[in-house]
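In what follows, a single structure is set out as structure tokens and then discussed.
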There are 2 protein chains.
Amino acid sequence: MGAAAKTSDAEIRAGARRLLELHGADGVSMAAVAEEVGVRAPSLYKRFASRAELLRAVTGELLGELQMAMEKAVREGEARGSLERMAARYRAFAKRNPRGYALIFTYDAEADMGARLASVGPLMGVLTTALGRERALPAARTLVAFLHGFLTMELQGLFQMGGSVEEAFRFGLATILDGLL
Amino acid sequence: MGAAAKTSDAEIRAGARRLLELHGADGVSMAAVAEEVGVRAPSLYKRFASRAELLRAVTGELLGELQMAMEKAVREGEARGSLERMAARYRAFAKRNPRGYALIFTYDAEADMGARLASVGPLMGVLTTALGRERALPAARTLVAFLHGFLTMELQGLFQMGGSVEEAFRFGLATILDGLL
DNA sequence: ACCTGAACACCGTTCAAGT
DNA sequence: ACCTGAACACCGTTCAAGT
């Protein structure tokens with residue numbers, strides 16, 4: 001029999017996420033992750049073929065959590081309420097995982113396309129029911145663009161001209177929802 | 001007298017931008033930039049204290065170009081037209097400099113805050129004239145959030161559900177402008 | 001003054017050798 | 001089967017030595 005495993009895929013992802021939020025993406029070195037889980041760097045390659053794949057796995061995990069948050073926001077027959085709850089949960093998710101949220105949009109898309117599409121599923125569902133298949137797509141793109149752009153700027157501290165960021169979020173969301181519904 | 005300068009700040013920035021668009025931010029290594037301008041890596045440190053500062057200089061240059069593009073979109077007394085031209089120029093700028101555009105929002109903000117604020121100046125001007133000081137700020141944040149989010153997703157190829165991306169852009173922009181003006 | 005080779009500490013990654 | 005030290009090619013950065 002061989003040596004006992006000292007760690008696991010899930011523990012490695014968790015360590016990588018901890019380092020990501022603490023020290024940014026640059027802080028997620030293979031050596032640092034390895035130390036985080038009590039192993040040497042080369043051992044990580046038994047489970048993840050490269051640093052890029054480890055980061056992709058983290059991205060996939062985050063997208064799964066985002067999708068769950070979006071699903072919880074949906075209530076049958078309450079289009080506007082569902083969209084408002086989605087927006088609030090989306091923002092809360094990004095604030096809980098600021099570096100992780102940035103990672104989702106940093107890493108070359110292509111991969112994870114399945115998880116990406118799945119995470120927008122609930123939104124597409126609500127909009128398709130409310131607006132029909134045809135109008136749902138541009139509506140979803142408008143809403144997601146606003147949410148993503150707003151969160152990126154908020155998390156990076158780019159709202160520096162004073163005023164209430166909270167109010168701007170409510171105002172922007174209401175403006176778009178008024179236009180859509 | 002000392003050795004003749006083989007390069008310049010501007011040439012180094014240009015080399016960095018070429019590498020950035022060709023091979024991504026990872027491709028902008030000090031050695032690669034040095035080779036691009038016909039010098040060895042240590043020489044770059046005479047002009048830029050670090051790779052981070054070089055990238056910051058590139059960011060500043062890009063922000064200046066973006067600001068100029070925004071200024072050209074403004075016509076007195078044409079709020080909606082000015083905003084539509086701004087949106088079109090913003091998108092064109094991002095498509096001309098896809099990696100550079102991403103860099104602007106990748107690099108830890110803090111620095112370049114002056115250039116950042118300046119680049120939003122024309123937009124704030126138009127909106128302040130049209131809506132008054134109070135309402136201009138959340139309006140600007142809504143519009144910029146939409147533009148940034150949309151471009152990020154478009155450039156990263158995240159609009160994968162078919163349909164016309166062009167139409168979605170027009171639709172989203174019109175929806176927001178209808179709500180603002 | 002600017003340029004350079006050599007050196008340092010750090011990466012990601014591979015691999016042969018251990019148990 | 002998993003873990004490890006050693007090694008490789010590459011980073012960013014510093015610095016003494018060249019002209």
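Proteins get letters first, then strands, A, B, ... in listed order; numbering begins at 1 in each.
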(request) Test A:Tyr101 against A:Tyr90 for ring pair (Phe, Tyr, Trp, His ring centres under 6.0 Å), laying out the working first. (result) CA-CA 10 Å; A:Tyr101 180 77; A:Tyr90 189 94; 5.7 Å; yes

Could you go through residues 167-181 of chain B and list every donor-acceptor pair under 3.5 Å that involves a side-chain atom there, pairing it with any protein atom two or more places apart or in another chain?
{"residue": "B:Thr175", "atom": "OG1", "partner": "B:Phe171", "partner atom": "O", "Å": "2.8"}
{"residue": "B:Asp178", "atom": "OD1", "partner": "B:Arg80", "partner atom": "NH1", "Å": "2.7"}
{"residue": "B:Asp178", "atom": "OD1", "partner": "B:Arg80", "partner atom": "NH2", "Å": "3.1"}

(request) Encode nucleotides 7-12 of chain C as B, S and - characters from 5' to 3', where the letter depends on protein heavy atoms closer than 4.0 Å: B to the base, S only to sugar-phosphate, - to neither. (result) ----SS

(message) Does any part of the side chain of A:Glu21, heavy atoms only, come nearer than 4.5 Å to the side chain of A:Pro98, both counted from C-beta?
(response) yes

(request) State whether B:Lys6 places a side-chain N or O below 4.0 Å from either non-bridging phosphate oxygen (OP1 or OP2) of C:dT4. (result) yes

(request) Locate the shortest heavy-atom distance separating A:Val33 from A:Leu19; write the atom from each residue and the value. (result) N-CD1, 3.5 Å

(message) Please determine whether a side-chain nitrogen or oxygen atom of B:Ser43 lies at a distance below 4.0 Å from atom OP1 or OP2 of C:dT4.
(response) yes

(message) Counting only Watson-Crick pairs (N1-N3 plus N6-O4 or O6-N4) and G-U wobbles (N1-O2, O6-N3), all under 3.5 Å, who is the partner of D:dA16?
(response) C:dT4

(message) Check this for me: does any side-chain nitrogen of one of A:Glu65 and A:Arg17 sit under 4.0 Å from a carboxylate oxygen of the other?
(response) yes

(request) Taking only the side-chain heavy atoms of A:Val39 (C-beta and beyond), determine which of D:dC3, C:dC2, C:dT14 contains the nearest atom. (result) D:dC3

(request) Round to the nearest Å and state the distance from A:Arg40 atom CZ to C:dT13 atom P. (result) 19 Å

(message) Under 4.0 Å between a side-chain nitrogen and a carboxylate oxygen: does that hold for A:Glu154 and A:Lys95?
(response) yes

